[in-house]
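Atoms considered below: every heavy atom in the structure, side chains included; atoms not considered: hydrogens, waters and symmetry mates. Fair warning: this is a prediction, and the values are worked out from it, not measured in the lab.
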Amino acid sequence: MSEQSYKKRDVAAQAFARHPVHGGSVEKPKNGKQTMRRLLHYFKPEMFLVIVLFLVVAVSVITAVIAPAFQSSAIDLLVDGSFRGLPRMLFLMIAVYLISGLATLASGWISAALSQRIVKRLRSDLFGKIIYLPLRYIDNHSHGDLISRMTNDADNISNIVSQSLSSLLSGIMTLIGTIVMMLWYSVPLTLISCSTVVLSVIATALLTKYMSRYFLRRQELLGELNGTVEEYVTNCHTVTAYNRQEPTIRAFSDTADRLTHVGIIAEIIGGSMGPVMNMLSNIAFVIVAVFGAYFALKGWITIGVISAFIIYSKQFSRPINQIAQLYGQIETAIAGAERIFAILDENEEQAVVKIPEQRTSGGSGRIAPPEDGAKSFDGRIEFRRVNFSYVPEKRVISDFSLTIEPGRKIALVGSTGSGKTTIINLLMRFYDIDSGEILLDGRDIRSIPLPELRGRIGIVLQDTVLFTDTVRNNLTYADPSIPDEEVRRAAHLSNADKVISHLKNGYDTVLTESGGSLSQGQRQLIAIGRVFASRPDILILDEATSSVDTRTEQNIQDAMANLMRDRTSLIIAHRLSTIQDVDEIIVMDQGQIVEAGNHRELLAKKGRYYELYMTQFAGQAT
């Protein structure tokens, strides 16, 4: 990774900033219509489930709408004293309510299945895209934000599909069906009933406005509290070492007090929604009962119609309130989808770059064309006037030229920020150069397919990377088909077998938390063993022994000598004592080569290398 990426740390608490439940604000999409159309494409493979869901919701709504009509007829039969048709009407009512309940249950099941399938496909596309994104994009974007898109934003979409889609369909159908039935029975009473619905809409809008303000503030404080807890629990050793327990408790309590204050107000306003809606519902009941009784006395409607209207007035206001509450959730979900699609629209890493016609120089001969299939490299590396910058107009590598013959061991040294690791990034094509050429056996590396290029290079980074998997799978990460005898030989050569022999299940031990139970030195030994197992043609070591003790370091150096024999090796070193036997030392400063030679030659020059060497052995920072 680049020098810039080494300075970054993946802060999981950043995920809070993108989710209402974890402290973020409700986001609004920039182009909601386009995002919605694109999101609907994920519904196409599940069109059968969508149709079934629509039909089930339709059945649920129809039964809910006609049930009051049956109740109205049953009441009219009782008023008229006609009991002959009453049992049949009661049976129909029971059947209708039973079908409505089963349809509602089925719609919940179908919505859950639909949401999980859609989100699975969305997450698979997103994860596959992230894996193939250029490292420049990964380094320049918050890792917490990328994780948030995979989790929180995808969860928002899942919740809308599983919980809100059927409610939205049901609400719209219920509104249409209810207003039709009400108009069928009595137009005047329908208009009177709608007046209470208007009151319900106004009350919902006012309460939602205040609720959103306080609930948003509560979620912001909750995110702050969660971030505080995570930070101090993660760094508890530092807190204890500096005796900062009491200030830490006070900081936590201050945030918790503010959260409590805002939470009480939010709950009071949120809790008032039900009583206010019940009050308006009771007012609607009184209005419908009074005017319905007047109309019944005039002979315009029956008593059963009054009963039906009381139920319909509730059915009419309920979906309006639901849709109003769903609006913010739908906007948040569409905004999340927009953020996911923004990543899906990024350009992937190019496996092969078209190289324009170039002149040959330096006696290297013509640049060979790309070849199909893997090729065993001799290992001749040539940098020709390479220029590169992470940020435009801020050049990191400037006019860098270097030739490394096959089988030679070359060390790159220099102060922090001199460009050592950047050279490795360019050779691995983690980043592409701005200008110049990097040749491998006479072929421009941009014309070599990435799997072929990287498959021939073994790299050990300063920051050890292990995966939550068995030791064997970590050692065979480059090629899972490596035979067990090769794995054991690699572990022996890297001295990792001594670590593995003390593990409970040996090579089958699962390294939890990416090897968190092992010491840094033990993890580094396994990482070095992984390179042994991959048997690369070119070897890159980025201060590979920085995390082991002196005795273990000597053992590893002996093993490295065997590994580097007949292989082109590029070594980044901070401890100059580890590179005294290399073939050539390249001293870098501000992206350029300032000195080159072996250890004795450079010391004799008393130049930049001499200063680094003497400063380091004087115990000062370099």
Side-chain angles (χ1 to χ4, degrees), residues 5 8-50 53 110-169 212 216 219-220 222-223 226-227 325-351:
S5 65
K8 293 187 176 183
R9 290 296 180 266
D10 183 9
V11 183
Q14 293 176 10
F16 293 127
R18 293 294 183 184
H19 195 272
V21 176
H22 293 143
S25 60
V26 175
E27 291 185 272
K28 292 187 178 181
K30 297 177 182 178
N31 194 336
K33 291 182 179 179
Q34 181 180 350
T35 302
M36 193 64 187
R37 285 196 298 268
R38 190 170 178 181
L39 186 59
L40 289 176
H41 284 291
Y42 281 86
F43 284 79
K44 286 186 177 180
E46 309 298 337
M47 192 53 65
F48 175 75
L49 275 181
V50 174
L53 176 62
I110 296 171
S111 296
L114 182 64
S115 69
Q116 293 304 312
R117 292 185 182 184
I118 290 173
V119 171
K120 175 189 175 183
R121 191 174 297 110
L122 195 63
R123 278 183 172 146
S124 297
D125 290 349
L126 180 58
F127 185 76
K129 185 72 177 187
I130 291 175
I131 290 297
Y132 282 101
L133 283 176
L135 286 187
R136 182 188 293 272
Y137 182 91
I138 302 297
D139 286 343
N140 292 334
H141 288 77
S142 163
H143 295 177
D145 181 63
L146 294 177
I147 294 172
S148 178
R149 300 188 194 209
M150 176 73 70
T151 55
N152 294 333
D153 291 334
D155 281 341
N156 286 338
I157 297 172
S158 175
N159 291 336
I160 286 297
V161 176
S162 64
Q163 300 174 14
S164 303
L165 180 60
S166 59
S167 298
L168 188 62
L169 291 174
S212 61
L216 172 59
Q219 298 311 111
E220 289 174 347
L222 180 60
N226 288 336
Q325 293 174 6
L326 288 176
Y327 177 75
Q329 300 176 24
I330 293 173
E331 275 206 329
T332 300
I334 295 176
E338 194 172 61
R339 283 160 38 77
I340 291 174
F341 293 144
I343 295 181
L344 294 179
D345 291 337
E346 289 290 332
N347 294 324
E348 294 185 3
E349 191 175 39
Q350 290 182 282

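Rounding to the nearest 0.5 Å places CG of L39 at 5.5 Å from CD1 of I157. The line from CD1 of I343 to CG of L133 is 7.0 Å long, rounded to the nearest 0.5 Å. To the nearest 0.5 Å, atom CD of residue E346 and atom OH of residue Y137 are 4.5 Å apart. Remark: I340 CD1 to Y42 OH distance equals 8.5 Å, nearest 0.5 Å. I118 contributes atom CD1, which lies 13.0 Å from atom CZ of R123 (distance to the nearest 0.5 angstrom). Going from atom NE2 of H41 over to atom CZ of F341 covers 9.0 Å, rounded to the nearest 0.5 Å.
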Show your reasoning for whether side-chain contact (heavy atoms from CB on, under 4.5 Å) applies to K44 and V50. CA-CA 9 Å; K44 286 186 177 180; V50 174; over 6 Å; no
For the pair R38 and E338, evaluate salt bridge (Lys or Arg N to Asp or Glu O under 4.0 Å) and give the outcome as yes or no after the intermediate values. CA-CA 9 Å; R38 190 170 178 181; E338 194 172 61; over 6 Å; no
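Nearest approach of L344 to D125, heavy atoms of both residues: CD2-O, 3.5 Å. Residue S115 comes nearest to S158 through the heavy atom pair CB-O, 3.4 Å, listed as atom of the first residue, atom of the second, then distance.
Of the possible donor and acceptor atoms, one in the side chain of S124 sits under 3.5 Å from a partner among the backbone N and O of K120.
Under the 4.5 Å side-chain criterion, counting only non-hydrogen atoms from C-beta, V161 is not in contact with S111.
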